[in-house]
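For reference, positions follow the sequence shown, starting with 1.
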Amino acid sequence: MVTTVEAAAPQTTLYTSGSGTYTVPDGTLYLDVEIRGGGGGGRGGGSGTPGSGGDGSDTTFGSYTAAKGSGSTSTNGGAGGTAAGGDINTSGQGGADGANGYTFAAGGFGGGAEGGKAVQGNAGKAAKTNSGGGGAGGGAADDASPGGGGGEGATVFKRITSPGASYTYSVGAGGSAGTAGTNGAAGGAGAAGYVKATAFFQ
């Protein structure tokens, strides 16, 4: 006689904001954990004193950290977050530098796009929700400087083969958008990261 034992389906928990405690389900054999830091905001374009993009925040799960992306403080893009300690570590993409172009798209899953020298109304786009992407820089008229894009948050993947009973977590927020200067437009906000924990059973 052949006896077939079917494993229970994996159970995935996704956190897109806030902090708290993840309780490991009973009977978990191992955990796959993926975390992404929050992305930085894009700097505003224009002359005078356009606002800098705010930094994102780190995302944590237990002792693992996916570092934040930095906001842009000039025409240069902000730095991407660094990743370490996991089985797979992917540092975030840096934001694009402000340039004479017309790119105002969202940072998406990468660093923020640059702000182009264009009409005053071209504001930088915010990054895609919970992508950890950086916001785009704000555009500016020809006599002013466009803003740089924000950096992307890092991503850390870890398989925990002997999980404990619970883990604290915190989802990194996205950085704020830089305000517009004279003859320029505002930057785009960075996006929050996420925590994804998948429990696998015997």
Side-chain angles (χ1 to χ4, degrees), residues 1-41 54-71 78-95 105-113 125-135 149-176 188-202:
M1 182 177 66
V2 177
T3 301
T4 301
V5 178
E6 295 186 2
Q11 179 180 315
T12 298
T13 303
L14 178 66
Y15 299 106
T16 57
S17 64
S19 59
T21 300
Y22 169 77
T23 300
V24 178
D26 291 341
T28 297
L29 182 62
Y30 64 89
L31 280 176
D32 279 353
V33 178
E34 181 180 322
I35 57 176
R36 177 167 290 176
D55 292 343
S57 301
D58 295 345
T59 292
T60 62
F61 185 89
S63 62
Y64 305 104
T65 299
K68 64 189 179 186
S70 297
T82 56
D87 298 323
I88 301 173
N89 304 297
T90 305
S91 293
Q93 178 181 329
F109 288 95
K125 301 296 185 181
K128 185 177 178 181
T129 302
N130 288 112
S131 67
E152 178 189 30
T155 304
V156 173
F157 172 85
K158 179 66 179 179
R159 173 162 290 180
I160 302 174
T161 56
S162 298
S166 63
Y167 296 87
T168 58
Y169 72 88
S170 179
V171 177
S176 57
Y194 59 84
V195 170
K196 183 169 70 173
T198 302
F200 292 84
F201 303 97
Q202 183 70 41

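- For the residue pair Gly133 and Ala127, the shortest heavy atom distance occurs at O-CB, 3.3 Å.
- With a 4.5 Å cut-off on side-chain heavy atoms, Tyr30 and Asp32 count as touching.
- The heavy-atom pair separating Thr59 from Gly37 by the smallest distance is OG1-CA, 3.5 Å.
- Considering CG of Asp87 and CZ of Phe157, their distance stands at 6.5 Å, rounded to 0.5 Å.
- For Glu152 (side chain) and Gly92 (main-chain N/O), no donor-acceptor pair under 3.5 Å exists by modelled atom type.
- Across all their heavy atoms, Tyr64 and Lys158 have their closest contact at OH-CE, 3.4 Å.
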Can Glu34 and Phe61 be said to form a side-chain contact (heavy atoms from CB on, under 4.5 Å), step by step?
CA-CA 9 Å; Glu34 181 180 322; Phe61 185 89; over 6 Å; no
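- Put simply, the residue from Thr13, Leu14, Ile35 that forms a side chain to side chain contact (heavy atoms under 4.5 Å, CB included) with Val195 is Ile35.
- Residue pairs satisfying the salt bridge (charged side-chain N to carboxylate O under 4.0 Å, His left out) criterion with at least one member in residues 190-202, sequence neighbours excluded, are absent.
- The backbone N or O of Gly40 sits nowhere less than 3.5 Å from a side-chain atom of Asp55 that would complete a donor-acceptor pair.
- Under a 3.5 Å cut-off, the side chain of Arg36 and the backbone N or O of Ser131 do form a donor-acceptor pair.
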Contacts under 3.5 angstrom, residues 160-176 side chains, donor-acceptor by atom type, not counting sequence neighbours:
residue, atom, partner, partner atom, Å
Tyr167, OH, Gly164, N, 2.8

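- Ala66 approaches Ala154 most closely through the heavy-atom pair CB-O, 3.3 Å.
- Proximity of Leu29 to Gln202: side-chain heavy atoms (C-beta onward) are separated by under 4.5 Å at one or more points.
- For Ala67 against Thr82, the heavy-atom pair with the smallest separation is CB-O, 3.2 Å.
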